[in-house]
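Everything below concerns the one structure shown next.
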There are 2 protein chains.
Amino acid sequence: MPDGAPKKTSRIQKRNRRLILEAALDVFSRHGYRGATLDQIAAEAGLSKPNILYYFDGKEDIHVTLLSRLMDTWLDPLVAMSPQGEPVAEILSYVQRKLNMARDLPRESRLFANEILQGAPRIAPELTGHLKPLFDEKCALIAEWIAQGRLPSLDPQHLIFSIWSTTQHYADFESQVRILMGPEEDPHARASAHLRRMFEAMLRV
Amino acid sequence: MPDGAPKKTSRIQKRNRRLILEAALDVFSRHGYRGATLDQIAAEAGLSKPNILYYFDGKEDIHVTLLSRLMDTWLDPLVAMSPQGEPVAEILSYVQRKLNMARDLPRESRLFANEILQGAPRIAPELTGHLKPLFDEKCALIAEWIAQGRLPSLDPQHLIFSIWSTTQHYADFESQVRILMGPEEDPHARASAHLRRMFEAMLRV
DNA sequence: TCGTGCCTTTACCAAATGGTAAAATTTAAT
DNA sequence: ATTAAATTTTACCATTTGGTAAAGGCACGA
(Lines give C-alpha, C1' and ligand atoms only; values in the text may rest on other atoms or scores of the structure.)
Protein backbone atom coordinates (compact mmCIF):
# COMPACT_ATOMS: atom_id res chain seq x y z
CA MET A 1 0.00 0.00 0.00
CA PRO A 2 2.73 2.53 0.71
CA ASP A 3 4.81 4.12 -1.96
CA GLY A 4 7.82 2.69 -3.80
CA ALA A 5 9.05 -0.52 -2.21
CA PRO A 6 6.13 -2.45 -0.74
CA LYS A 7 6.00 -4.18 2.66
CA LYS A 8 9.52 -3.97 3.93
CA THR A 9 9.55 -4.29 7.69
CA SER A 10 8.66 -7.66 9.12
CA ARG A 11 7.01 -8.15 12.48
CA ILE A 12 10.26 -9.15 14.19
CA GLN A 13 12.09 -6.28 12.53
CA LYS A 14 9.62 -3.80 13.92
CA ARG A 15 9.86 -5.26 17.41
CA ASN A 16 13.66 -5.20 17.50
CA ARG A 17 14.00 -1.72 16.13
CA ARG A 18 11.60 -0.58 18.80
CA LEU A 19 13.57 -2.39 21.51
CA ILE A 20 16.80 -0.83 20.32
CA LEU A 21 15.43 2.70 20.14
CA GLU A 22 13.88 2.38 23.57
CA ALA A 23 17.17 1.20 25.07
CA ALA A 24 19.11 3.84 23.18
CA LEU A 25 16.85 6.60 24.47
CA ASP A 26 17.60 5.47 27.98
CA VAL A 27 21.35 5.23 27.53
CA PHE A 28 21.87 8.31 25.36
CA SER A 29 19.77 10.49 27.65
CA ARG A 30 21.72 9.36 30.70
CA HIS A 31 25.25 9.55 29.30
CA GLY A 32 25.15 11.75 26.22
CA TYR A 33 26.23 10.67 22.77
CA ARG A 34 29.88 9.96 23.39
CA GLY A 35 29.28 8.64 26.87
CA ALA A 36 26.90 6.00 25.61
CA THR A 37 28.26 2.70 24.31
CA LEU A 38 26.80 0.19 21.92
CA ASP A 39 27.39 -2.52 24.51
CA GLN A 40 25.21 -0.68 27.02
CA ILE A 41 22.47 -0.22 24.47
CA ALA A 42 22.72 -3.84 23.42
CA ALA A 43 22.57 -5.10 27.01
CA GLU A 44 19.57 -2.92 27.80
CA ALA A 45 17.79 -4.00 24.64
CA GLY A 46 18.48 -7.64 25.37
CA LEU A 47 20.27 -8.12 22.05
CA SER A 48 23.85 -8.68 21.01
CA LYS A 49 25.94 -5.83 19.70
CA PRO A 50 26.33 -7.25 16.17
CA ASN A 51 22.62 -7.85 16.13
CA ILE A 52 22.05 -4.18 16.82
CA LEU A 53 24.33 -3.29 13.95
CA TYR A 54 22.19 -5.51 11.78
CA TYR A 55 19.29 -3.13 12.27
CA PHE A 56 21.16 0.17 12.29
CA ASP A 57 24.15 1.37 10.34
CA GLY A 58 26.02 2.39 13.46
CA LYS A 59 25.92 4.37 16.65
CA GLU A 60 25.30 7.66 14.89
CA ASP A 61 22.47 6.17 12.86
CA ILE A 62 20.67 5.12 16.04
CA HIS A 63 21.15 8.56 17.55
CA VAL A 64 19.93 10.46 14.53
CA THR A 65 16.95 8.13 14.10
CA LEU A 66 16.00 8.70 17.72
CA LEU A 67 16.24 12.46 17.47
CA SER A 68 14.27 12.66 14.26
CA ARG A 69 11.50 10.37 15.49
CA LEU A 70 11.11 12.25 18.76
CA MET A 71 11.16 15.67 17.17
CA ASP A 72 7.48 15.48 16.22
CA THR A 73 6.34 14.40 19.67
CA TRP A 74 8.52 17.07 21.13
CA LEU A 75 7.00 19.84 19.07
CA ASP A 76 3.40 18.70 19.42
CA PRO A 77 2.49 21.23 22.13
CA LEU A 78 3.79 24.10 20.02
CA VAL A 79 1.91 22.85 16.98
CA ALA A 80 -1.23 22.79 19.10
CA MET A 81 -1.03 26.52 19.82
CA SER A 82 -3.89 27.71 17.66
CA PRO A 83 -4.90 31.04 16.09
CA GLN A 84 -8.50 30.11 16.87
CA GLY A 85 -8.11 30.25 20.64
CA GLU A 86 -7.88 33.09 23.10
CA PRO A 87 -4.24 34.32 23.17
CA VAL A 88 -3.56 34.20 26.92
CA ALA A 89 -5.31 30.86 27.32
CA GLU A 90 -3.42 29.41 24.36
CA ILE A 91 -0.05 30.44 25.72
CA LEU A 92 -0.81 29.35 29.27
CA SER A 93 -1.92 25.94 28.15
CA TYR A 94 1.16 25.69 25.97
CA VAL A 95 3.20 26.24 29.15
CA GLN A 96 1.24 23.53 30.95
CA ARG A 97 1.58 21.04 28.12
CA LYS A 98 5.29 21.70 27.93
CA LEU A 99 5.67 21.26 31.68
CA ASN A 100 3.72 18.02 31.61
CA MET A 101 6.02 16.86 28.89
CA ALA A 102 9.08 17.58 31.00
CA ARG A 103 7.52 15.44 33.72
CA ASP A 104 6.34 12.61 31.50
CA LEU A 105 9.20 12.50 28.99
CA PRO A 106 12.34 13.57 30.86
CA ARG A 107 14.56 11.26 28.83
CA GLU A 108 13.49 12.91 25.62
CA SER A 109 14.15 16.32 27.11
CA ARG A 110 17.64 15.35 28.23
CA LEU A 111 18.39 13.74 24.90
CA PHE A 112 17.69 17.02 23.13
CA ALA A 113 19.43 19.07 25.79
CA ASN A 114 22.56 16.97 25.43
CA GLU A 115 22.53 17.34 21.68
CA ILE A 116 22.02 21.11 21.75
CA LEU A 117 24.67 21.54 24.45
CA GLN A 118 27.22 19.89 22.19
CA GLY A 119 26.37 22.37 19.46
CA ALA A 120 23.64 20.30 17.74
CA PRO A 121 26.17 18.48 15.54
CA ARG A 122 23.70 15.84 14.43
CA ILE A 123 20.33 17.61 14.33
CA ALA A 124 21.21 21.06 13.09
CA PRO A 125 19.58 20.21 9.73
CA GLU A 126 16.44 19.02 11.49
CA LEU A 127 16.34 22.23 13.50
CA THR A 128 16.72 24.38 10.43
CA GLY A 129 14.29 22.30 8.42
CA HIS A 130 11.47 21.59 10.86
CA LEU A 131 11.82 23.58 14.04
CA LYS A 132 12.70 26.92 12.48
CA PRO A 133 9.61 27.18 10.22
CA LEU A 134 7.32 26.16 13.07
CA PHE A 135 9.04 28.62 15.40
CA ASP A 136 8.70 31.43 12.87
CA GLU A 137 5.05 30.61 12.29
CA LYS A 138 4.21 30.73 15.99
CA CYS A 139 6.22 33.91 16.53
CA ALA A 140 4.21 35.49 13.74
CA LEU A 141 1.00 34.34 15.40
CA ILE A 142 2.01 35.92 18.70
CA ALA A 143 3.05 39.10 16.92
CA GLU A 144 -0.37 39.24 15.29
CA TRP A 145 -2.08 38.84 18.65
CA ILE A 146 0.00 41.73 19.93
CA ALA A 147 -0.86 43.86 16.92
CA GLN A 148 -4.53 43.16 17.58
CA GLY A 149 -4.11 44.40 21.13
CA ARG A 150 -5.00 40.99 22.55
CA LEU A 151 -1.57 40.64 24.20
CA PRO A 152 0.76 43.23 25.73
CA SER A 153 3.79 44.22 23.74
CA LEU A 154 6.42 41.56 24.21
CA ASP A 155 9.14 39.77 22.31
CA PRO A 156 7.64 36.61 20.75
CA GLN A 157 10.95 34.86 20.22
CA HIS A 158 12.22 35.40 23.71
CA LEU A 159 8.83 34.57 25.19
CA ILE A 160 9.05 31.15 23.59
CA PHE A 161 12.62 30.75 24.80
CA SER A 162 11.45 31.55 28.32
CA ILE A 163 8.72 28.96 28.11
CA TRP A 164 11.10 26.33 26.86
CA SER A 165 13.79 27.03 29.42
CA THR A 166 11.57 27.25 32.49
CA THR A 167 9.66 24.07 31.71
CA GLN A 168 12.51 21.92 30.47
CA HIS A 169 14.58 22.96 33.46
CA TYR A 170 12.60 20.50 35.58
CA ALA A 171 13.64 17.61 33.37
CA ASP A 172 17.16 18.64 32.38
CA PHE A 173 18.30 19.85 35.80
CA GLU A 174 16.24 17.37 37.75
CA SER A 175 19.15 16.16 39.86
CA GLN A 176 19.89 19.71 41.00
CA VAL A 177 16.23 20.45 41.67
CA ARG A 178 15.98 17.31 43.77
CA ILE A 179 19.02 18.24 45.83
CA LEU A 180 17.75 21.78 46.45
CA MET A 181 14.10 20.97 47.11
CA GLY A 182 14.58 17.91 49.25
CA PRO A 183 11.82 15.32 49.46
CA GLU A 184 8.71 17.00 48.17
CA GLU A 185 5.17 15.70 48.13
CA ASP A 186 4.20 17.06 44.74
CA PRO A 187 6.98 19.08 43.07
CA HIS A 188 5.13 19.20 39.78
CA ALA A 189 2.07 20.90 41.22
CA ARG A 190 4.11 23.72 42.76
CA ALA A 191 6.13 24.24 39.60
CA SER A 192 2.93 24.31 37.60
CA ALA A 193 1.32 26.92 39.83
CA HIS A 194 4.45 29.05 39.81
CA LEU A 195 4.76 29.07 36.05
CA ARG A 196 1.09 29.80 35.59
CA ARG A 197 1.33 32.83 37.88
CA MET A 198 4.53 34.00 36.22
CA PHE A 199 3.29 33.90 32.66
CA GLU A 200 -0.15 35.20 33.63
CA ALA A 201 1.49 38.26 35.13
CA MET A 202 3.56 38.75 32.03
CA LEU A 203 0.62 38.40 29.64
CA ARG A 204 -1.69 40.87 31.37
CA VAL A 205 -2.45 43.64 28.92
CA MET B 1 52.28 32.27 55.32
CA PRO B 2 49.40 29.86 54.64
CA ASP B 3 48.54 27.00 56.89
CA GLY B 4 50.25 23.61 57.22
CA ALA B 5 52.77 23.02 54.45
CA PRO B 6 54.44 26.30 53.44
CA LYS B 7 55.11 27.53 49.88
CA LYS B 8 54.41 24.51 47.75
CA THR B 9 53.57 25.64 44.25
CA SER B 10 56.39 26.96 42.11
CA ARG B 11 55.99 29.61 39.47
CA ILE B 12 56.08 27.09 36.64
CA GLN B 13 53.69 24.81 38.48
CA LYS B 14 51.18 27.61 38.81
CA ARG B 15 51.46 28.51 35.15
CA ASN B 16 50.99 24.95 33.93
CA ARG B 17 48.09 24.17 36.20
CA ARG B 18 46.42 27.31 34.89
CA LEU B 19 47.11 26.31 31.28
CA ILE B 20 45.68 22.87 31.87
CA LEU B 21 42.52 24.09 33.59
CA GLU B 22 41.94 26.67 30.88
CA ALA B 23 42.27 24.03 28.16
CA ALA B 24 40.15 21.57 30.13
CA LEU B 25 37.37 24.13 30.54
CA ASP B 26 37.29 24.53 26.81
CA VAL B 27 37.28 20.84 26.01
CA PHE B 28 34.97 19.65 28.78
CA SER B 29 32.42 22.35 28.07
CA ARG B 30 32.37 21.47 24.38
CA HIS B 31 32.25 17.69 24.63
CA GLY B 32 31.13 16.80 28.14
CA TYR B 33 33.09 14.67 30.55
CA ARG B 34 33.18 11.41 28.64
CA GLY B 35 33.44 13.11 25.29
CA ALA B 36 36.59 14.96 26.28
CA THR B 37 39.97 13.28 25.94
CA LEU B 38 43.23 13.89 27.73
CA ASP B 39 44.94 14.17 24.34
CA GLN B 40 42.65 17.03 23.36
CA ILE B 41 43.26 18.82 26.62
CA ALA B 42 46.99 18.25 26.33
CA ALA B 43 47.08 19.55 22.76
CA GLU B 44 45.08 22.64 23.65
CA ALA B 45 47.25 23.32 26.69
CA GLY B 46 50.42 22.90 24.62
CA LEU B 47 51.70 20.14 26.89
CA SER B 48 52.20 16.42 26.54
CA LYS B 49 49.68 13.99 28.00
CA PRO B 50 52.06 12.52 30.60
CA ASN B 51 53.02 16.01 31.57
CA ILE B 52 49.40 16.76 32.32
CA LEU B 53 49.22 13.69 34.49
CA TYR B 54 52.21 15.03 36.37
CA TYR B 55 50.08 17.93 37.55
CA PHE B 56 46.77 16.16 38.05
CA ASP B 57 45.93 12.70 39.30
CA GLY B 58 43.81 11.93 36.28
CA LYS B 59 40.97 13.04 34.08
CA GLU B 60 38.46 13.05 36.90
CA ASP B 61 40.77 15.09 39.11
CA ILE B 62 40.96 17.81 36.46
CA HIS B 63 37.21 17.83 36.07
CA VAL B 64 36.45 18.01 39.78
CA THR B 65 39.07 20.69 40.31
CA LEU B 66 37.52 22.76 37.54
CA LEU B 67 34.01 22.43 38.89
CA SER B 68 35.00 23.30 42.45
CA ARG B 69 37.07 26.31 41.44
CA LEU B 70 34.33 27.72 39.23
CA MET B 71 31.55 27.17 41.73
CA ASP B 72 32.38 30.35 43.65
CA THR B 73 32.48 32.53 40.55
CA TRP B 74 29.28 30.93 39.42
CA LEU B 75 27.42 31.71 42.62
CA ASP B 76 28.75 35.24 43.02
CA PRO B 77 25.63 36.96 41.66
CA LEU B 78 23.40 35.05 44.07
CA VAL B 79 25.70 35.88 46.98
CA ALA B 80 25.44 39.52 46.00
CA MET B 81 21.64 39.55 46.49
CA SER B 82 21.44 41.58 49.66
CA PRO B 83 18.86 42.03 52.44
CA GLN B 84 19.86 45.71 52.53
CA GLY B 85 18.56 46.51 49.06
CA GLU B 86 15.10 47.09 47.68
CA PRO B 87 13.56 43.65 46.91
CA VAL B 88 12.47 44.20 43.31
CA ALA B 89 15.68 45.98 42.41
CA GLU B 90 17.76 43.26 44.04
CA ILE B 91 16.04 40.49 42.13
CA LEU B 92 16.08 42.36 38.83
CA SER B 93 19.77 43.05 39.08
CA TYR B 94 20.35 39.44 40.02
CA VAL B 95 18.67 38.52 36.75
CA GLN B 96 20.88 40.94 34.87
CA ARG B 97 24.07 39.73 36.49
CA LYS B 98 23.14 36.16 35.76
CA LEU B 99 22.38 36.99 32.14
CA ASN B 100 25.67 38.82 31.75
CA MET B 101 27.37 35.77 33.14
CA ALA B 102 25.74 33.54 30.55
CA ARG B 103 27.09 35.90 27.89
CA ASP B 104 30.58 36.30 29.34
CA LEU B 105 31.16 32.81 30.68
CA PRO B 106 29.27 30.44 28.41
CA ARG B 107 31.85 27.69 28.82
CA GLU B 108 31.36 27.65 32.56
CA SER B 109 27.61 27.50 32.11
CA ARG B 110 27.85 24.55 29.74
CA LEU B 111 30.31 22.78 31.99
CA PHE B 112 27.81 22.88 34.84
CA ALA B 113 24.88 22.06 32.59
CA ASN B 114 26.68 19.00 31.29
CA GLU B 115 27.46 17.82 34.79
CA ILE B 116 23.92 18.32 36.06
CA LEU B 117 22.44 16.68 32.99
CA GLN B 118 24.40 13.52 33.72
CA GLY B 119 22.99 13.47 37.22
CA ALA B 120 25.75 15.51 38.92
CA PRO B 121 27.88 12.41 39.56
CA ARG B 122 30.98 14.41 40.44
CA ILE B 123 29.65 17.56 42.12
CA ALA B 124 26.68 16.32 44.08
CA PRO B 125 28.66 16.81 47.32
CA GLU B 126 29.57 20.34 46.30
CA LEU B 127 25.92 21.08 45.54
CA THR B 128 24.77 19.75 48.88
CA GLY B 129 27.58 21.42 50.78
CA HIS B 130 27.82 24.85 49.18
CA LEU B 131 24.91 25.54 46.85
CA LYS B 132 22.13 24.21 49.06
CA PRO B 133 22.87 26.41 52.12
CA LEU B 134 23.18 29.49 49.92
CA PHE B 135 19.99 28.60 48.10
CA ASP B 136 18.12 28.11 51.37
CA GLU B 137 19.43 31.38 52.72
CA LYS B 138 18.28 33.36 49.69
CA CYS B 139 14.92 31.62 49.60
CA ALA B 140 14.44 32.63 53.22
CA LEU B 141 15.35 36.21 52.33
CA ILE B 142 12.77 36.29 49.57
CA ALA B 143 10.19 34.72 51.86
CA GLU B 144 10.88 37.46 54.39
CA TRP B 145 10.41 40.14 51.77
CA ILE B 146 7.07 38.58 50.91
CA ALA B 147 6.06 38.43 54.57
CA GLN B 148 6.88 42.13 54.84
CA GLY B 149 4.59 42.85 51.91
CA ARG B 150 7.47 44.13 49.83
CA LEU B 151 6.98 41.42 47.21
CA PRO B 152 3.82 39.71 45.94
CA SER B 153 3.18 36.19 47.14
CA LEU B 154 5.30 33.84 45.06
CA ASP B 155 7.30 30.68 45.38
CA PRO B 156 10.92 31.61 46.23
CA GLN B 157 12.42 28.30 45.17
CA HIS B 158 10.73 28.22 41.81
CA LEU B 159 11.39 31.91 41.26
CA ILE B 160 15.11 31.20 41.52
CA PHE B 161 14.77 28.19 39.23
CA SER B 162 13.06 30.42 36.67
CA ILE B 163 15.85 32.95 36.87
CA TRP B 164 18.50 30.30 36.44
CA SER B 165 16.78 28.57 33.56
CA THR B 166 15.86 31.65 31.55
CA THR B 167 19.31 33.21 31.80
CA GLN B 168 21.45 30.12 31.37
CA HIS B 169 19.35 29.11 28.40
CA TYR B 170 21.23 31.65 26.29
CA ALA B 171 24.55 29.96 27.07
CA ASP B 172 23.52 26.32 27.20
CA PHE B 173 21.22 26.34 24.17
CA GLU B 174 23.18 28.93 22.26
CA SER B 175 23.40 26.84 19.10
CA GLN B 176 19.62 26.50 18.97
CA VAL B 177 19.08 30.16 19.73
CA ARG B 178 21.43 31.08 16.91
CA ILE B 179 19.64 28.86 14.43
CA LEU B 180 16.22 30.25 15.38
CA MET B 181 17.15 33.92 15.62
CA GLY B 182 19.33 34.14 12.57
CA PRO B 183 22.00 36.82 12.39
CA GLU B 184 21.16 39.36 15.03
CA GLU B 185 22.78 42.68 15.72
CA ASP B 186 22.58 42.54 19.50
CA PRO B 187 20.90 39.39 20.79
CA HIS B 188 21.95 40.08 24.36
CA ALA B 189 20.20 43.43 24.53
CA ARG B 190 16.87 41.98 23.42
CA ALA B 191 17.12 39.07 25.82
CA SER B 192 17.98 41.47 28.60
CA ALA B 193 14.99 43.70 27.91
CA HIS B 194 12.66 40.72 27.64
CA LEU B 195 13.75 39.23 30.96
CA ARG B 196 13.56 42.56 32.71
CA ARG B 197 9.97 43.04 31.55
CA MET B 198 9.03 39.49 32.44
CA PHE B 199 10.34 39.54 35.99
CA GLU B 200 9.14 43.10 36.55
CA ALA B 201 5.63 42.00 35.69
CA MET B 202 5.89 39.07 38.00
CA LEU B 203 7.23 41.09 40.93
CA ARG B 204 4.59 43.82 40.84
CA VAL B 205 2.76 43.77 44.17
C1' DT C 1 9.87 -31.27 4.23
C1' DC C 2 12.67 -28.66 1.88
C1' DG C 3 15.17 -24.74 0.91
C1' DT C 4 15.57 -19.75 0.62
C1' DG C 5 16.20 -15.73 2.87
C1' DC C 6 15.93 -13.42 7.27
C1' DC C 7 17.96 -13.21 11.71
C1' DT C 8 21.57 -14.14 15.41
C1' DT C 9 25.81 -15.52 17.32
C1' DT C 10 30.79 -16.34 17.67
C1' DA C 11 35.14 -14.77 17.02
C1' DC C 12 37.54 -11.23 15.85
C1' DC C 13 40.03 -6.44 14.70
C1' DA C 14 42.01 -1.71 14.55
C1' DA C 15 41.85 2.53 16.68
C1' DA C 16 41.37 5.33 20.63
C1' DT C 17 42.04 6.20 25.33
C1' DG C 18 43.42 6.67 30.26
C1' DG C 19 47.36 5.80 32.39
C1' DT C 20 52.48 4.30 33.74
C1' DA C 21 57.69 3.63 33.90
C1' DA C 22 61.70 5.44 33.52
C1' DA C 23 65.04 7.96 31.11
C1' DA C 24 66.34 12.66 29.87
C1' DT C 25 66.34 17.40 30.61
C1' DT C 26 65.80 21.71 32.91
C1' DT C 27 65.70 24.66 37.08
C1' DA C 28 67.43 26.65 41.03
C1' DA C 29 69.79 26.79 45.42
C1' DT C 30 74.52 26.39 47.23
C1' DA D 1 79.98 25.03 38.69
C1' DT D 2 77.66 21.29 41.19
C1' DT D 3 74.09 18.87 42.53
C1' DA D 4 69.63 17.64 43.98
C1' DA D 5 65.08 18.33 42.93
C1' DA D 6 61.57 19.48 39.72
C1' DT D 7 59.89 18.98 35.11
C1' DT D 8 59.33 16.88 30.53
C1' DT D 9 59.72 13.40 27.04
C1' DT D 10 59.84 8.76 24.99
C1' DA D 11 58.16 4.47 24.79
C1' DC D 12 54.89 1.69 26.32
C1' DC D 13 50.52 -0.97 28.10
C1' DA D 14 45.77 -2.71 29.12
C1' DT D 15 41.18 -1.76 28.33
C1' DT D 16 37.40 -0.11 25.91
C1' DT D 17 34.92 0.65 21.89
C1' DG D 18 32.78 0.92 17.28
C1' DG D 19 32.61 -2.12 13.86
C1' DT D 20 33.16 -6.57 10.65
C1' DA D 21 33.31 -11.44 8.69
C1' DA D 22 31.37 -15.41 8.41
C1' DA D 23 29.24 -19.31 10.10
C1' DG D 24 25.09 -21.04 12.29
C1' DG D 25 20.10 -21.06 13.40
C1' DC D 26 15.41 -20.15 12.38
C1' DA D 27 10.93 -19.08 10.05
C1' DC D 28 7.98 -19.66 6.58
C1' DG D 29 6.11 -20.26 1.96
C1' DA D 30 6.06 -23.84 -1.76
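Chain A is the first sequence line, chain B the second, and so forth, proteins listed ahead of strands; every chain is numbered from 1.
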**Fill in**
note: Ile62(A), atom CD1; dG18(D), atom C1'; distance rounded to Å ~ 11 Å
**Asked** Pro50(B) has a side chain; which of dG19(C), dT20(D), dT20(C) sits nearest to it?
**Response** dT20(C)
**Short side-chain N/O contact from Gln13(B) to OP1 or OP2 of dT7(D), under 4.0 Å** = yes
**Fill in**
Ranking dG19(D), dT17(D), dT8(D) by distance to the side chain of Tyr55(B), first place goes to dT8(D)
**d(CD1, Ile41(B); P, dG19(C)) in whole Å** = 10 Å
**Prompt:** Would you say Lys138(A)'s side chain and Met81(A)'s backbone share a donor-acceptor pair under 3.5 angstrom?
**Reply:** yes
**Asked** Between the base of dG19(C) and the side chain of Lys59(B), is there a donor-acceptor distance below 3.5 Å?
**Response** no
**Asked** Given atom CG of Leu19(A) and atom P of dC7(C), what is their separation to the nearest angstrom?
**Response** 14 Å
**Asked** Is there a side-chain polar atom (N or O) of Tyr54(A) under 4.0 Å from OP1 or OP2 of dT8(C)?
**Response** no
**Item:** Between dG19(D) (P) and Glu60(A) (CD): distance, integer Å
**Value:** 9 Å
**Request:** Please check if any side-chain donor atom of Arg122(B) sits under 3.5 Å from a side-chain acceptor atom of His63(B), or the reverse.
**Result:** yes
**Asked** For the rings on Tyr170(B) and His158(A), is their centre-to-centre separation under 6.0 Å?
**Response** yes
**Message:** Rounded to whole Å, how long is the line connecting atom CG of Asp39(A) with atom C1' of dT16(D)?
**Reply:** 8 Å
**Message:** Rounded to whole Å, please give me the gap between CZ in Arg15(B) and C1' in dT8(D).
**Reply:** 12 Å
**Request:** Remember a base hit wins even if backbone is also touched, and classify Leu38(B) as base, sugar-phosphate or nothing at under 4.0 Å, heavy atoms.
**Result:** sugar-phosphate
**Asked** Whole Å only: how far is the NZ atom of Lys49(B) from the P atom of dT17(C)?
**Response** 9 Å
**Request:** Give one of base, sugar-phosphate or nothing for Phe56(A), where a contact means two heavy atoms less than 4.0 Å apart.
**Result:** nothing
**Ring centroid separation Phe161(B) to Phe135(B) under 6.0 Å** = yes
**Item:** Cation-pi geometry met for Lys59(B) and Tyr33(B) (6.0 Å, 45°)
**Value:** yes
**Prompt:** Just to confirm, is there a sub-4.0 Å distance from OP1 or OP2 of dT8(C) to any side-chain nitrogen or oxygen of Asn16(A)?
**Reply:** yes
**Asked** Does any donor atom in the side chain of Arg190(A) or Gln157(B) lie under 3.5 Å from an acceptor atom in the other side chain?
**Response** yes
**Atom-to-atom span, CG of Leu53(B) to C1' of dT9(D) - whole angstrom** = 13 Å
**Phosphate contact (dT7(D) OP1 or OP2) by Asn51(B) side-chain N/O below 4.0 Å** = no
**Complete:** Sorted by position of nearest nucleotide on DNA chain C, 5' first, the leading residue of Leu47(A) and Arg34(A) is Leu47(A)
**Asked** Closer to the 5' end of DNA chain D via nearest nucleotide, is it Ala36(A) or Ile12(B)?
**Response** Ile12(B)
**Message:** At less than 4.0 Å, is any side-chain N or O atom of Arg11(A) found next to OP1 or OP2 of dC28(D)? Yes or no.
**Reply:** yes
**Request:** May I ask you to say what Ser48(B) touches in the nucleic acid, namely base, sugar-phosphate or nothing, with a heavy-atom cut-off under 4.0 Å?
**Result:** base
